[in-house]
Protein chains: 2
Amino acid sequence: MKKYTIKDIAQLAGVSKGTVDRVLHKRGKVSEIALEKVTKILNEIEYKPNPIAKNLKINKIYKLAVILPDAQKDSYWEPCSGAIKEVENEFQHFGIEINKFVFDASETSSFLETSLNVITTKPDAILMVPLFQKEAKEIVTKCNINNIKVSVFNNYIDSNYSNNFIGQDLYQSGRVAAKLMDMVLKKGTIGIVHIDEDYQNATHLQEKEKGFRSYFNSLNTLDYDITTIHLNYKKSESFNNSLLSFLDKNPNINGIFVTISKSYVVVEALKERASDIAIVGYDLVKKNIDYLKQGEIDFLIHQKPKQQVYMGLSYLAEYFLFDKEIPSQLLLPLDIVTSENVDGYLM
Amino acid sequence: MKKYTIKDIAQLAGVSKGTVDRVLHKRGKVSEIALEKVTKILNEIEYKPNPIAKNLKINKIYKLAVILPDAQKDSYWEPCSGAIKEVENEFQHFGIEINKFVFDASETSSFLETSLNVITTKPDAILMVPLFQKEAKEIVTKCNINNIKVSVFNNYIDSNYSNNFIGQDLYQSGRVAAKLMDMVLKKGTIGIVHIDEDYQNATHLQEKEKGFRSYFNSLNTLDYDITTIHLNYKKSESFNNSLLSFLDKNPNINGIFVTISKSYVVVEALKERASDIAIVGYDLVKKNIDYLKQGEIDFLIHQKPKQQVYMGLSYLAEYFLFDKEIPSQLLLPLDIVTSENVDGYLM
DNA sequence: TTGTACGCGTTATCAC
DNA sequence: GTGATAACGCGTACAA
């Protein structure tokens with residue numbers, strides 16, 4: 001149970017600390033005899049280097065960069081800043097520096113520009129939201145060339161391109177939404193509403209829909225009828241009209257599954273009609289929370305952007321400082337939020 | 001933004017490192033003049049001691065003790081061991097040692113005996129489950145006398161006795177259960193089933209019931225009818241009989257709220273009758289998970305014993321190592337678990 | 001090829 | 001009272 005240090009090993013083997021170090025790190029030349037003596041001791045005891053002392057002498061400051069959409073335009077990203085500050089605070093004494101960069105999620109070019117800009121700051125690692133697949137891959141490739149480690153969060157990207165994804169299982173998340181809808185409705189007609197803003201969430205939303213439909217397919221029943229609609233949200237007026245005309249065409253809709261954080265715009269559109277439609281959506285943005293508490297939204301699934309950033313950055317920091325391995329995929333639990341437990345998630 | 005060290009301060013104040021140290025820690029004697037010079041500098045800059053260097057020289061090993069019910073008799077506590085190992089692993093290099101002690105939850109005397117035993121091992125802090133209020137208070141008092149810091153988890157205890165509780169808001173947890181029941185049933189008759197084992201969970205279960213009923217009261221409707229029953233579980237046969245006779249007396253029961261981790265025994269009792277009763281219960285123990293996946297249980301609320309231990313121990317470790325403050329109350333989110341998201345919580 | 005000395009920031013001790 | 005210094009564990013650079 002004793003904790004052995006390099007000094008201990010040197011003493012036991014009858015060599016100097018330097019030699020032990022050379023054996024441990026396979027650097028420099030070591031004589032056969034010394035190597036044997038040291039390895040013998042190493043086999044007998046269990047040596048774990050003290051991770052603290054390792055980084056005592058901070059001659060290297062590790063620079064981490066976070067690239068994410070502007071929270072001013074989509075408050076979904078707001079909590080991420082908090083996570084950045086927390087991790088920075090926790091690791092600053094170990095020589096970790098974190099910088100945040102935002103882009104306009106409605107402009108592919110903004111993402112590309114920001115990311116290229118970040119690369120010129122020569123960070124050791126980048127944690128980013130690969131909103132635009134094609135451009136993200138381009139950036140990742142550039143990072144690889146420049147020896148910058150890349151982690152992605154929130155949106156999945158080809159595993160050829162990233163060895164480290166933090167987020168949720170979107171397919172399963174669709175199944176959770178379906179289960180909730182099933183519990184509430186028992187049967188009826190359900191609308192899946194994709195609200196695609198200018199940027200393409202294509203794969204993101206498709207996965208959720210697939211999961212949602214798979215649940216009902218596996219029920220093997222005729223009790224449900226499911227229709228999908230793609231809407232755009234630029235002005236509320238035109239959005240409302242589109243949604244209402246969809247309802248006119250499908251007058252028996254009992255539930256709506258909103259695949260993105262904008263459930264509140266659906267609620268607001270429905271206000272123009274008396275209705276008793278169950279709504280299941282995503283994310284704890286302010287307006288969603290209000291409607292959840294008022295009973296206008298039934299369930300929200302929490303995608304936990306803050307925890308995603310927190311985990312992503314923590315792993316990177318510990319990777320550089322303590323050689324901790326980064327899992328290739330970290331899937332966070334799919335938290336179900338109602339009016340009664342929402343407060344516990346607001347931190 | 002510069003990080004100042006004691007050396008820097010010494011230079012700026014024109015004194016030695018030793019003097020600065022004496023001022024900072026208020027130890028030893030310092031002349032008026034030196035004190036003034038140093039405090040002046042300290043006011044101008046922001047000094048944060050380097051936590052790494054502080055613990056480099058570990059002359060003190062902090063001993064933490066965890067006291068909890070035997071997982072062999074109630075698998076609810078099983079995941080706690082994992083948390084202990086994780087925290088131990090994370091902090092062992094900082095000089096933290098953790099020991100686990102279990103007691104028989106059906107014997108007050110076992111708790112008392114174990115706890116007194118733990119105190120004789122002279123730990124720096126104890127994290128415990130205050131299952132038995134009276135005895136727990138006795139132990140806490142003894143700890144205070146012996147200068148042992150105490151944190152409690154899972155069960156609440158008078159704030160006069162503990163300055164650090166980690167757990168959940170049980171009242172609110174009852175409200176969550178009620179909300180779920182409401183979503184599923186819309187109206188009907190509901191049974192609240194308390195399964196009291198030999199030990200008294202009294203306050204624990206009462207809080208949940210209060211919350212549950214408060215939700216329906218605030219609905220201000222006559223759609224629901226709620227009945228409570230207290231059962232004992234020693235042999236499955238007699239338990240089943242009691243439950244079934246309760247159902248005979250209340251033939252219209254549509255939903256059952258089980259206030260403890262034993263939903264599975266209710267499911268098994270109901271198997272003797274064809275029934276379509278919604279069940280909301282607690283905790284991810286194996287049998288509950290199986291029935292949840294099979295659709296026999298509708299919802300489980302996750303009390304997260306593992307996270308409770310993890311947080312409790314982490315806070316204590318950081319309190320000793322980094323002088324981090326411990327919040328007097330840490331309420332964990334009330335996770336809602338269904339067949340579709342349960343896998344994400346099993347870690 | 002190997003040993004040794006030094007630095008990191010803090011703290012405890014010893015000498016003045 | 002106070003300043004100087006060793007020690008903690010590791011990595012590294014340099015001298016032998």
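So you know, we letter chains A, B, ... as the sequences are listed, proteins then strands, and number each from 1.
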> So, B:Tyr4 versus B:Tyr47, ring centres under 6.0 angstrom or not?
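They do not qualify: ring centres at least 6.0 Å apart.
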> What is the separation between atom CG on A:Asp323 and atom P on D:dC10, rounded to the nearest whole Å?
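Atom-to-atom, A:Asp323 to D:dC10, this comes out as 14 Å.
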> Please determine, for the side chain of A:Ala34, which listed nucleotide (C:dT2, D:dC10, D:dT2) has the closest atom?
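Minimum distance to the A:Ala34 side chain belongs to C:dT2.
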> Should the pair B:Lys3-B:Asp8 be classified as a salt bridge under the 4.0 Å nitrogen-to-oxygen rule?
no
> Of the options D:dG11, C:dG9, C:dT11, whose atoms approach the side-chain atoms of B:Asp21 most closely?
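Looking only at heavy atoms from C-beta outward on B:Asp21, the closest nucleotide is C:dT11.
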> Could you please name the option among C:dT1, D:dC10, D:dT12 that lies closest to any side-chain atom of A:Pro49?
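Selected nucleotide: D:dC10.
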> Taking the nucleotide of DNA chain D with the closest heavy atom to each, which residue, A:Lys7 or B:Gly14, is nearer the 5' end?
B:Gly14
> Taking only the side-chain heavy atoms of B:Ser16 (C-beta and beyond), determine which of D:dA4, D:dT12, C:dG9 contains the nearest atom.
D:dA4
> Have a look at A:Lys29 and say if it touches a base, only the backbone sugar-phosphate, or nothing, with a 4.0 Å heavy-atom cut-off.
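Base contact - A:Lys29 has a heavy atom under 4.0 Å of at least one base atom.
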> Expressed as a whole number of angstroms, how long is the span from A:Ile61:CD1 to C:dC8:P?
14 Å
> Tell me which nucleotide among D:dT2, C:dG3, D:dG11 gets nearest to the side chain of B:Thr19.
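Closest nucleotide to the B:Thr19 side chain: D:dT2.
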> Check every atom of C:dG9, C:dG3, D:dT2 against the side chain of B:Leu56 and return the nucleotide holding the closest atom.
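Looking only at heavy atoms from C-beta outward on B:Leu56, the closest nucleotide is C:dG9.
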> The side chain of A:Ser31 lies closest to which of these nucleotides: C:dT13, C:dT10, C:dT1?
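Nucleotide nearest to A:Ser31's side chain: C:dT1.
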> Measure NZ/A:Lys54 against C1'/D:dT12 and give the value in whole Å, please.
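In whole Å, D:dT12 C1' and A:Lys54 NZ are 14 Å from each other.
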> Is A:Lys142 salt-bridged to A:Glu138, cutoff N-O under 4.0 Å?
no
> Could you point out which residue of A:Leu64, A:Ile98, A:Ile96 forms a side-chain contact (heavy atoms from CB on, under 4.5 Å) with A:Val87?
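It is A:Ile98, the one option of A:Leu64, A:Ile98, A:Ile96 that forms the side-chain contact (heavy atoms from CB on, under 4.5 Å) with A:Val87.
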> Please determine, for the side chain of A:Lys17, which listed nucleotide (C:dG3, C:dT10, D:dC10) has the closest atom?
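Of the candidates, D:dC10 comes closest.
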> Between A:Lys3 and D:dG9, does any side-chain N or O lie under 4.0 Å from OP1 or OP2?
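A:Lys3 to D:dG9 OP1/OP2: no side-chain N or O under 4.0 Å.
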> B:Leu321 CG to C:dG9 P: how many Å, rounded?
20 Å
> Counting side-chain heavy atoms from C-beta on, which of D:dC10, C:dA12, D:dG9 comes nearest to B:Arg27?
C:dA12
> Can you measure B:Ile6 atom CD1 to D:dA4 atom C1' for me and round it to whole angstrom units?
15 Å
> Run through A:Phe91, A:Phe94, A:Tyr62 and flag the one making a ring pair (Phe, Tyr, Trp, His ring centres under 6.0 Å) with A:Phe320.
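Of all the options given, the one that passes is A:Tyr62.
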> Quick check on DNA chain C: between B:Arg22 and B:Asn50, whose nearest nucleotide comes earlier from the 5' end?
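Comparing both residues, the 5'-ward one is B:Asn50.
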> Using whole Å, what does the distance between atom P of nucleotide C:dT11 and atom CD1 of A:Ile52 come to?
14 Å
> Report yes if a side-chain nitrogen or oxygen of A:Tyr47 is closer than 4.0 Å to either non-bridging phosphate oxygen (OP1 or OP2) of D:dG9; otherwise report no.
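It does not, given that no N or O in the side chain of A:Tyr47 lies less than 4.0 Å from OP1 or OP2 of D:dG9.
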> How long is the line joining CD1 of B:Ile9 and P of C:dG9, in whole Å?
12 Å
